[in-house]
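Heavy-atom basis, side chains included; hydrogens, waters and symmetry copies ignored. For clarity, every value in this text was computed on a predicted model and none was experimentally measured.
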Amino acid sequence: MMKHKHAQNPQKTGHEATDTVLDEHDGTVYTCPMHPEIRRTEPGDCPKCNMHLVPEGSAGEHAHGHGHDAHSHDHSSTPAPVKGGKYDTVPANYVGAVYTCPMHAEVRQTKPGSCPICGMGLELESAAMAEEGPNPELIDFTRRFWVGAVLTIPLLILTMAPYVGAGWIREIFGERTTLWIEFVLGTPVILWSGWPFFTRGWTSFRTMKLNMFSLIAMGISAAYGFSVVAILAPGIFPDGFRDADGHVGVYFEAAAVIVTLVLLGQVMELRAREGTGKAIRALLDMAAKTARVIRSDGTEQEVQLDDVLVGDHLRVRPGDKVPVDGTVIEGRSSIDESMISGEPVPVEKVAGDPVTGATINGTGSLVIAATRVGADTMLSQIVEMVANAQRSRAPIQKYADMVAGYFVPVVILIAVLSFIGWALWGPEPALSYGLISAVAVLIIACPCALGLATPMSIMTATGRGAQAGVLIKNAEALERFEKIDTLMVDKTGTLTEGKPRLVAVLPEPGHDEAEVLRLAASLERGSEHPLAEAIVRGAEERGVEIAKAEDFEAVTGKGVKGVVDGKAVALGNLKLITDMGLKADDLIEKANARRDEGETVMFVVLDDAIAGLVSVADPIKETTPAALKALHDLGFRIIMATGDNERTAKAVAGRLGIDEIRADVLPEDKARIIKELQAEGRKVAMAGDGVNDAPALAQADVGIAMGTGADVAIESAGFTLVKGNLDGIVRARRLSHATMRNIRQNLFFALIYNAAGVPVAAGVLFPFLGILISPMFAAFAMSASSISVVVNALRLRRLKF
């Protein structure tokens, strides 16, 4: 964990009852996202609201602690919201919605608007703050677009009439009156509909952060300002601006069309960003709105979800949504968990099984005890994780930013040179041609599509991933995962179910199966080992009566001993048998044959003679073989790391076609193995689910946490698979390939228009082919590049896994 010294934290309160951190403490300090006065040196739950405490410094950004990396080996270049910076106008104790720029996280304010650095529309910092109803900026821009469109169409007809054989329209009014009509129609479009572009452009020059709005504002201002002067004082213009009839041309229609088309592009972009946010809203809408609380007197009451507390007993009727995360305490049913896991098959639930909020109950009635409520539920954590990922930036974005940074000043220079070139060498009216060319260069070169290319794909992909049970921590993980060539998987809980089962009881002559199992289970009832649990559970399922064991003794690394029904009983591995001086030559072969099937075999000893064998196995998940085949097809070399002995590991690996095994591995060895593989030049992903996997997940180029596992594992990982099956990795790989391909296509669309359009707008083709792009066509081409990027990114919503 990173160390946060509380001396640097303005929220230190010193309240004795809530703040237990000593001044000399320099380790991690844990605080409640809702109650910052609660400060502890150990993780736990908030005494006021029962939320999980999170490391101080991360609490403000994400209430569940699954946001940006909190581990020391941090690959992330994702900008966490930067508080207290130059562009942060949020008051210290403010608790409402905060808006930030998807490109510049240091921009934070309490009202929607545009980024002072790049001009992009601001978005909510926390998805949980999303309000019902449409985006106010989208409503405003849509209104401006329709006003612009209604006024621009007659303006365009008036201007274009002579070119389509309808010059009589202008003759009805006369040339001078027609120019005034153009002024009256064009001015509201440019000054009211286009006002946001002027304010954003002005901000970009004021802060010297030039962007697409710098170019749009310059282009519109040049065309409109020139036209107004041409109407009010035509006599001041030199001959270079006059046509053959002595008139000075005006460009109200060009400026109006530019404003209308750019507004259309902005409206489509905002609509698309609304579309990417739909994934989050759809997740939020999944939650039940109410819950049925069972009171202590047995009565039931319907309450709002916010009123449910940890520990409450809740009734879940057939067909109802499970209101919060909890544990079944009564009843039996199957639950459809597809909305959080992407898996279509309902899961059987009985007493003791966990259930997740927002999943749908089948035909049975359940009573559950609430274990996580509010922002702590899995659904809330998924929502926040998706929102954080959607705001994050992929490394490839840096190149787009760099190109845009150089691009705008170069374009302004080209526009100036273009005007000078036309003024000096162009045909009459040379200065008019120069102005048209300069405005066209400024407009067609707008890099708005470049700014959209990466964020649009990332936002769409993270939303699509969440629907398929693949949670992406940030854009960097998504980009890096495309290049992974080696996948290291933990055996227990990743390849296997992680719940060992009794698979065989093999009695020796003179003993029967029930007797051998009774002795083993009676002895193991005192142990908490997973294998012991499997034997006891197996005996209970077979109806075997378990006796009480006395003088119980655990022999480390070998087995257990005790007295059952007055007889000495032992259960353990070959080492225990050898220590007891017993010969088991004929049984060793039988045991090894079972081990070769991936089973763990234990000897049962009664009164210094072997009474039989019991065999326990951790079953391979049903989805594992098909998933491993798909992963091989996607180009992964698969390494299995396990604490099991080599014989058992080889048996499992042989059955599943795993490329390499690392057996007898201790938790701390996993991170070392990954380092060694990275030193060989490999790009390594690690999939794991336990607390002991966290260092390895952090060390890997990409960590993949099984959502069924520990919170610290999820915190350390770039991806979280909600269901915890390997086929989630297949989905993640396909998603990462599709997203990066989509981003590259977007960057191509963004740059090809500009690269091809700028020279043509500057007039390179005019001497040879007589082609000169008008500012209107330039505006259309610029909007087309934005729209093509948006439409292409939204294709990811239909991605099939």
Side-chain angles (χ1 to χ4, degrees), residues 144-195 197-198 216-264 419 422-423 426-440 442-444 761 763 766 770-781 783:
R144 290 178 192 272
F145 166 72
W146 283 114
V147 169
V150 166
L151 294 174
T152 299
I153 290 167
L155 176 57
L156 211 50
I157 292 168
L158 209 56
T159 310
M160 293 293 137
Y163 300 102
V164 292
W168 55 270
I169 296 175
R170 292 181 78 90
E171 289 167 11
I172 291 173
F173 302 108
E175 189 62 30
R176 186 81 185 145
T177 307
T178 304
L179 292 178
W180 278 103
I181 293 171
E182 288 182 31
F183 170 76
V184 169
L185 289 172
T187 297
V189 180
I190 295 153
L191 295 187
W192 184 76
S193 292
W195 187 250
F197 306 145
F198 288 114
I216 294 171
M218 281 180 74
I220 301 168
S221 302
Y224 180 70
F226 174 87
S227 303
V228 170
V229 177
I231 284 189
L232 298 177
I236 69 170
F237 288 92
D239 293 342
F241 281 106
R242 300 179 192 283
D243 60 17
D245 299 325
H247 293 121
V248 178
V250 294
Y251 303 104
F252 292 116
E253 86 290 345
V257 168
I258 289 165
V259 166
T260 307
L261 283 173
V262 175
L263 277 169
L264 175 64
F419 179 80
W422 279 95
E428 291 301 320
L431 294 174
S432 277
Y433 273 118
L435 182 72
I436 289 172
S437 171
V439 170
L442 288 172
I443 299 301
I444 203 166
F766 189 79
I771 295 173
L772 180 63
I773 293 177
S774 78
M776 282 187 286
F777 182 82
F780 173 76
S783 296

Can you tell me how far the [atom1] atom of [X] sits from the [atom2] atom of [Y], to the nearest 0.5 Å?
{"X": "I153", "Y": "E253", "atom1": "CD1", "atom2": "CD", "result": "14.5 Å"}
{"X": "I231", "Y": "F226", "atom1": "CD1", "atom2": "CZ", "result": "11.0 Å"}
{"X": "R144", "Y": "L263", "atom1": "CZ", "atom2": "CG", "result": "8.0 Å"}

Open item on the list: Does any part of the side chain of L232, heavy atoms only, come nearer than 4.5 Å to the side chain of V228, both counted from C-beta?
Closed with: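 They are in side-chain contact.
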
Looking only at heavy atoms, what is the nearest atom pair of [X] and [Y], with distance?
{"X": "F419", "Y": "L431", "result": "CE1-O, 3.7 Å"}
{"X": "A256", "Y": "L155", "result": "CB-CD2, 3.7 Å"}
{"X": "V439", "Y": "A223", "result": "CG2-N, 4.2 Å"}
{"X": "F198", "Y": "A217", "result": "CE2-O, 4.2 Å"}
{"X": "I444", "Y": "A761", "result": "CG2-CB, 4.0 Å"}

Open item on the list: If the condition is side-chain contact (heavy atoms from CB on, under 4.5 Å), which residues does S227 pass it with, not counting sequence neighbours?
Closed with: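 Result, side-chain contact (heavy atoms from CB on, under 4.5 Å) vs S227: V250, Y251, F252.
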
TODO: Using the test side-chain contact (heavy atoms from CB on, under 4.5 Å), find all partners of I181 that sit at least two apart in sequence or belong to another chain.
DONE: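 I181 satisfies side-chain contact (heavy atoms from CB on, under 4.5 Å) with L158, F173, T177, L185 once adjacent residues are dropped.
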
Taking side-chain hydrogen bond (donor to acceptor under 3.5 Å, both in side chains) as the test, write out the residues that go with [X], two or more places apart.
{"X": "T152", "answer": "T260"}
{"X": "T187", "answer": "Y224"}
{"X": "S437", "answer": "S418, W422"}

Task: Qualifying salt bridge (charged side-chain N to carboxylate O under 4.0 Å, His left out) pairs, either residue in residues 222-231, two or more places apart - done: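 Found none.
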
Task: Those residues that, when tested against W180, pass ring-ring contact (aromatic ring centres under 6.0 Å, His included) (two or more places apart) - done: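 If we apply the ring-ring contact (aromatic ring centres under 6.0 Å, His included) test to W180, skipping adjacent residues, the hits are F183.
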
